[in-house]
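For reference, the structure is listed below as structure tokens.
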Amino acid sequence: MPSIRNKLGAAATGTLLTLGLALAPTAPAAAAADDTLRSAARGTGVRIGTAIDMTALAEDATYREIAGREFNTVTPENVMKWEAVEPTRGTYNWAPADQLVDFARSHGQKVRGHTLVWHSQNPSWLTEDAFTPAQLRRLLRQHILDEVGHFRGRIWAWDVANEVFNEDGTPRDTIWLRALGPGYIADAFRWAHQADPKAKLFLNDYNVEWLSPKSDAYYNLIIQLRRQGVPVHGFGMQGHLALQYGLPTTVLENVQRFDALGVQTAFTEVDIRMQLPADPIKVAAQAEGFGLLLRACLLVRNCVSYTVWGFTDKYSWVPGVFQGEGSATPYTEDYQPKPAYYTLRDTLRLAS
Ligand code: XIL
């Protein structure tokens, strides 16, 4: 599907400006046609997504309605993680994740699978027992083959390896690195590819949206993996930003360098938290941050999706994890769209 972002060159700013002006006097019909995020995203080549909280989806009709209406890709916030799918060794619980995949199918949404190898949210039987390296390797292989195999053909993209580097670009110390060495990452991608050859396979992390030692580490890893013929197809930047640290300035340059490698990119878990209480200037800065990441995605060729980590403050993970912070999503707790919502929609409209 040809889109404006494929044509962006030196005249990019002028083109967007002209387009913006052309769209400015919105005819009622045109406004109605793209009054959701997903309809505004049509024709941009970028899917707009959200993480889904399965309890909220089951219990909250407004949540369900907005999730189905506004987004064309979804990510399970927790239910595909290892501790959720295999709480007891050898006993799988696919039911909540299957429900998510069914919801997505019935709403014309693609699914981002999240996540296969990680240091966090692993079952205690896995982390507390003293397995040998050979046993751990077999367990990881089986986990990936079973999970990717279970969803084969129904997952658009998998976050295969999550958060594998430290801030300084050194490999993160995890049970996997300790037992198996850095080669576990290549193995994980090979196993995932074997189980579902059509799924797009991603690396994923936070604090990698801008130029830094950590994003350098991913850049170099992708070059190395591809040289070895490892099936890595994409780089996911989570996008968990916090206003008090300022908005990053080198996002576009960073996305462009991955784009130039020929891998897909995606913003996979965007939320922009602030120190509470929220006020109008923070809310405006937040909208700017959501727009900044989306623009970077729309300005390159191979950025395929932009996912928010929850669309409403009602169920956001932020207040439970970051003391005194919150208000990180595009809708308030009572489902009022914030400026961030309108910035996302207007930015998508400019590119469609
Ligand atoms: C978070 C979920 O939002 C929480 O509900 C859960 O308690 C912990 O994990 N990076 C990731 C996500 O890749 O899986 C994390 O999700 C947020 C940080």
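Everything numeric in this text was worked out from a predicted model, so none of it was measured. Ligands are counted one by one from 1 in listed order, and the atoms in each one are counted from 1 as well.
Looking at Asp216 and Arg257, a side-chain N of the basic residue comes within less than 4.0 Å of a carboxylate O on the acidic one, giving a salt bridge. A salt bridge between Asp129 and Arg89 is absent, with no side-chain N of the basic residue lying under 4.0 Å from a carboxylate O of the acidic one.
The nearest protein atom to atom 6 (C) of ligand 1, hydrogens excluded, is given as Asn78 OD1, 3.4 Å; this is a heavy-atom distance. For atom 11 (C) of ligand 1, the closest non-hydrogen atom of the protein is Glu269 OE1, 3.0 Å. What sits closest to atom 1 (C) of ligand 1 on the protein, heavy atoms only, is Lys81 NZ, 3.7 Å.
When non-hydrogen atoms are compared, ligand 1 lies under 4.0 Å from neither the backbone nor the side chain of Tyr206. Contact annotation for Thr115 and ligand 1: no heavy atom of the residue comes within less than 4.0 Å of the ligand.
Taking the six-membered ring for Trp, Tyr63 and Phe311 have ring centres closer than 6.0 Å.
Where the criterion is an N or O separation shorter than 3.5 Å, residue side chain and backbone included, Asn204 fails it with respect to ligand 1. Polar contact check, Trp317 against ligand 1: no nitrogen or oxygen pair lies under 3.5 Å apart.
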Which pairs would a plain distance check flag for residues 187-198, meaning a side-chain donor or acceptor within less than 3.5 Å of a matching protein atom at least two apart in sequence or in another chain?
from	atom 1	to	atom 2	distance (Å)
Asp187	OD2	Arg137	NH2	3.0
Asp196	OD1	Lys198	N	3.3
Asp196	OD2	Gly153	N	3.0

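Put simply, Ile48 and Phe103 are part of the same group of oily side chains (I, L, V, M, F, W, Y) that touch within less than 4.5 Å, one to the next.
The residue from Glu77, Gln121, Met80 that puts a heavy atom closest to atom 8 (C) of ligand 1 is Gln121.
For Lys314, the salt bridge (charged side-chain N to carboxylate O under 4.0 Å, His left out) partners at least two apart in sequence or on another chain are Asp60.
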